[in-house]
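Notes to accompany the following structure.
From a predicted model like this one, the values you see are computed outputs, not experimental measurements. Residues: numbered from 1 along the sequence shown.
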Amino acid sequence: MRVFKFGGASVKDANGIRNLVKVLEETGHQNTFLVVSAMGKMTNAMEAVVNAYFDKHVGLKKAFEEVVLYHQTILEALFEDKKHPVYSKVNLLFEEVQGFLAWNKSPNYSFVYDQVVGYGELLSTTIVSMYLNEVGIKNYWIDIRDFIKTDDNYRDGKVNWEKTQQHISEGVEANKLYITQGFLASDDNNFTTTLGREGSDYTAAILAYCLNANSVTIWKDVPGVLNADPRYFEETSLLNKISYREAIELAFYGASVIHPKTLQPLQRKEIPLHVKSFINPKDAGTTVGKGIGIEPEIPCFIVKKNQVLMKLSSLDFSFIVEDSIGDLFKLLHDYKMKVDLIQNSAISFSVCVDNKFNRLSDLLDQLSGKFKVVCHEDVSLYTIRHFNTDAIKSLQNGRDVLLEQRGKETLQLVVKQ
């Protein structure tokens, strides 16, 4: 069995869904498992619904109406018959969201987030599945929450591999075309959990691992894995082949094409990962698999924006040693700060973090009692794998570098945005 993952850009409108059909017609679709993300920027739109809900419902009606209108526009472009059963199924999903928001009593933002935001994937897969049936491609829609089980760490669920393997082994048959949601799972109480932003790639890897799949293909709006993000770098080159090890390194440093958690299960069973263009599906794209390094071997640039750089020093000029560092990392863990870079000396410690849960002010209150703290918000962390002199110059030119860290193969710079 193959696993195909289609991201939001591939199904952002009616033409995108029609193009998905063309991809399946060109590549074949028997014995295939489709993982489909929410349409376009719908995850952001669903987040806006959650934020409005917690903001004393200010703007909630408008935010939800935008979600409804977006999907209705796509429905009307694909299904001319307004009595088609897809309309009632989609409306039922809208009613489920409204029902949850009406009866929910939990003040836990992460719990509410997972129960609401995941409807983006349920809506997209419902529409895509019924359109495939409409054009003669028989498929089986399944709710991934019945298959992938996690703990109750909402917004970043940890997979229970034993239960997940059992559900997938018992529920999936060979030689069929399945379609399901990325990003979603459920806990032991059957509440929805999510696997973290961009978690649809991880969903594809989980399914591939449990199904002993032949391959995973991630369909993107780029020709494959590039050596830099074209949104931020003018000149980019396609990487034809990448080893698992190198891909994990790139993902760890923040390469946006491959989700950091996607590669480990694939590597364990040596399942190749293809990253290909849904615009030109016959092009070779990039293959991630067993091997050494990258081809071609050129500098790879990665940027993570909106980071926070904290420079800590001891209040009494005493050494920052193991006890102090241990206390610091416990605070970073408690306040859910993702650490991207650390650097220390005898009396100072610098750390660049991703404040994705917006708990920086609380953390700074704790740190200020123990350290002298200098905090730089909205900085960018640049990483160059396989750097050379020209690559370094291209990043340093005209930028205010706050911190530099250099290893044998990797250079990192924290700069003001």
Side-chain angles (χ1 to χ4, degrees), residues 2-7 9-10 23 27 35 37 182 196-209 212-304 340 381-388 390-392 394-395 407-412:
R2 305 172 302 174
V3 179
F4 283 0
K5 181 261 177 173
F6 289 90
S10 66
V23 171
T27 62
V35 176
S37 300
R197 286 298 299 267
E198 310 302 330
S200 293
D201 291 359
Y202 189 35
T203 303
I206 294 167
L207 286 167
Y209 179 89
N212 294 312
N214 297 324
S215 65
V216 173
T217 303
I218 298 175
W219 297 96
K220 307 284 287 187
D221 55 357
V222 292
V225 179
L226 304 176
N227 74 321
D229 190 329
R231 294 174 297 177
Y232 307 118
F233 297 89
E234 292 182 1
E235 297 182 8
T236 61
S237 299
L238 178 68
L239 302 176
N240 302 316
K241 295 181 181 179
I242 313 175
S243 69
Y244 291 117
R245 180 183 178 85
E246 183 64 33
I248 288 171
E249 291 282 356
L250 292 172
F252 172 80
Y253 288 113
S256 60
V257 174
I258 305 172
H259 190 279
K261 293 184 291 189
T262 298
L263 296 160
Q264 282 89 350
L266 299 180
Q267 182 187 30
R268 287 200 294 270
K269 290 191 175 180
E270 296 187 359
I271 299 170
L273 169 67
H274 305 292
V275 182
K276 302 182 70 172
S277 166
F278 60 71
I279 301 170
N280 299 298
K282 291 186 177 181
D283 289 355
T286 301
T287 297
V288 180
K290 191 176 181 180
I292 300 174
I294 60 173
E295 179 192 313
E297 188 168 324
I298 55 177
C300 296
F301 299 84
I302 302 161
V303 59
K304 299 180 79 171
D340 292 319
L381 173 61
Y382 287 89
T383 301
I384 313 176
R385 287 280 293 168
H386 311 293
F387 61 90
N388 55 32
D390 290 340
I392 297 171
S394 70
L395 279 188
K408 182 179 178 181
E409 294 183 310
T410 305
L411 172 75
Q412 291 189 282

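- Closest approach of Y209 and K269 over heavy atoms only: O-NZ, 2.8 Å.
- Looking at heavy atoms from C-beta onward, F233 lies in side-chain contact with V303 at the 4.5 angstrom threshold.
- Among all heavy-atom pairs drawn from Y253 and R385, the shortest one is CE1-CD, 4.0 Å.
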Would you tabulate the side-chain donor-acceptor contacts of residues 289-301 under 3.5 Å, counting partners in other chains and residues two or more places apart, or write 'none'?
none

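- No side-chain heavy atom of L250 sits less than 4.5 Å from a side-chain heavy atom of I258.
- A distance-only check finds no donor-acceptor pair linking the side chain of K304 to the backbone of L381 [under 3.5 Å].
- Across all non-hydrogen atoms, the minimal contact from V288 to A247 is CG1-CB, 3.6 Å.
- Atom CD1 of I218 is separated from atom NE2 of H274 by 11.0 Å, given to the nearest 0.5 angstrom.
- The OG1 atom of T203 sits 9.0 Å away from atom NZ of K5, with the distance rounded to the nearest 0.5 Å.
- Heavy atoms only, all atoms of each residue included: I384 and A391 are closest at CD1-O, 3.7 Å.
- Contact record, T27 with R2: O-NH1, 3.1 Å, taken as the closest heavy-atom pair.
- Contact of the T410 side chain with the F252 side chain is not registered, since no non-hydrogen atoms from C-beta on lie closer than 4.5 Å.
- Considering only heavy atoms from C-beta on, E246 comes within 4.5 Å of I242 through its side chain.
- In this structure the side chain of L395 never reaches within 4.5 angstrom of the side chain of F387, judged on heavy atoms.
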